[in-house]
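To keep things clear, I will list the structure first and then write my remarks on it.
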2 protein chains.
Amino acid sequence: MPHGHASEALTKNQALVMGALSEATGPLSAYTILDQLRDDGLRAPLQVYRALDKLVEFGLVHRLESLNAFVACRQPGCDSHERTAFMICDDCGSVIEITDKALARRLKSLAQDASFALKKSTIELRGLCAACTPM
Amino acid sequence: MPHGHASEALTKNQALVMGALSEATGPLSAYTILDQLRDDGLRAPLQVYRALDKLVEFGLVHRLESLNAFVACRQPGCDSHERTAFMICDDCGSVIEITDKALARRLKSLAQDASFALKKSTIELRGLCAACTPM
DNA sequence: TTGCACACGTTATACCGTTACACAATCGTG
DNA sequence: CACGATTGTGTAACGGTATAACGTGTGCAA
Ligand SMILES: [Zn+2]
Ligand SMILES: [Zn+2]
Ligand SMILES: [Zn+2]
Ligand SMILES: [Zn+2]
């Protein structure tokens, strides 16, 4: 059972999906991945979704809720995948992944104030990346 | 053109959709809304989606990305709809809406550090609400 | 009057994700 | 080894989410 970012012992389908996401420069939808992997033998959405579920579980891939898409984790020390924040460029689609202690603390504190048992944070910031911002 | 939370001058379809969301205790999907409003003459998804787009634009409704659903804004002074955070109970589906200055500041600061021109924040916390948390 | 903006209605289609069922490989245990 | 349990796989069918591409009617301003 793989752990952390060492992509050891992935199954064939998991490795295929992981490969597609790793080579991509931005997020991919499940169906885009499927199209890219048809020549490798994948034929049905479920094959992709099953692999994605595992990859997310292993911490190798993030799901971007506001995009209905998936992106390979690029952050070497990204341990706490439950509190990662993303900046998504609405123009070029690039994704910046960040984990910020202060942000996590504040969210935890807000949850406590509301007696809310926090399990997972979805934080997705939309806007324009540095390259796409007009001067 | 309506502004703020005074629901003035909504069109017929907008008023119908707003009514459904206001009476609901939690988030509703577009298709659930459609089903509820069939007797009122709504027949196609697009009619609901068009109304929802406007209601979100007016600041009367929030879209919850992680749920693919919509919820009426319950916060009287909810001005900055672009930085509202939500706590969503995975058990009962209830939604707590919060706007926190410190949180907004931290996000703004993180964006600035990355030269990211922040337009909209999606912050959705998943977990268990107070009522659903076992002792 | 003419053009424009906007709400509306309908059909069809695209995109996202799951259920249900069947089969094969693997693994720990008696 | 044999057995059951678990996990991965493959396929078909389906259901849920969202938009495209039409066309209609109304109000208003140039
Ligand atoms: Zn990561
Ligand atoms: Zn960009
Ligand atoms: Zn609000
Ligand atoms: Zn609850």
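Residue numbers start from 1 in every chain, and the chains themselves are labelled A, B, ... in the order their sequence lines are given, proteins ahead of strands.
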- Message: In whole Å, I'd like the distance from the CG atom of Leu34(B) to the P atom of dT19(D).
- Response: 15 Å
- Would you kindly give the CG-to-P distance between Leu16(A) and dG10(D), to the nearest whole Å? 10 Å
- Message: If I take atom CD in residue Gln14(A) and atom P in nucleotide dG8(D), what distance separates them, rounded to the nearest angstrom?
- Response: 6 Å
- Message: Tell me whether the side-chain N or O atoms of Arg50(A) pair up with the base of dG10(D) as donor and acceptor below 3.5 Å, since no angle test is needed here.
- Response: yes
- Compare every heavy atom of Ala130(A) with every heavy atom of Ala114(B), then report the nearest pair and how far apart it is. O-CB, 4.3 Å
- Distance, rounded to the nearest Å, where Arg38(B) contributes CZ and dT10(C) contributes P: 11 Å
- Message: Return whichever of Asp53(A) or Asn13(B) has its heavy-atom-nearest nucleotide of DNA chain C closer to the 5' end.
- Response: Asn13(B)
- Query: Would you say a side-chain N or O of Lys54(B) is under 4.0 Å from OP1 or OP2 of dA7(C)?
  - Reply: yes
- Task: Can you tell me the distance, in whole Å, between the CG atom of Leu67(B) and the P atom of dT17(D)?
- Result: 10 Å
- Message: Need to verify one output field. Residue with the more 5' nearest nucleotide on DNA chain D, Tyr31(A) or Ala44(A)?
- Response: Ala44(A)
- Query: Has Gln47(B) got a side-chain N or O lying under 4.0 Å from the OP1 or OP2 atom of dC8(C)?
  - Reply: no
- Task: In whole angstrom, give the distance that lies between atom OH of Tyr49(A) and atom C1' of dC14(D).
- Result: 14 Å
- For Leu52(A) and dT9(D), what is the distance between atoms CG and P respectively, to the nearest whole Å? 12 Å
- Item | Side chain of Ser29(B) (C-beta onward), nearest among dA21(D), dT17(D), dG17(C) | dT17(D)
- Has Asn68(A) got a side-chain N or O lying under 4.0 Å from the OP1 or OP2 atom of dC15(C)? no
- Message: Whole angstroms only, please: what is the CD1-P distance between Ile33(A) and dC16(C)?
- Response: 11 Å
- Do side-chain atoms of Glu23(A) reach the backbone of Ala20(A) as a donor and acceptor pair under 3.5 angstrom? no
- From the list dA12(D), dT10(C), dT9(D), which nucleotide is the closest neighbour of the side chain of Lys12(A)? dT9(D)
- Message: Aromatic contact between Phe86(B) and His62(B), with the criterion being ring centroids under 6.0 Å apart: yes or no?
- Response: yes
- Item | Below 4.0 Å: OP1/OP2 of dT7(D) and any side-chain N or O of Thr11(A) | no
- Item | Closest approach of Ala51(B) to Asn13(B) (non-hydrogen atoms, all atoms of both residues) | CB-O, 4.0 Å
- Item | Ser66(B)-Glu124(B) side chain donor-acceptor pair, cut-off 3.5 Å | yes
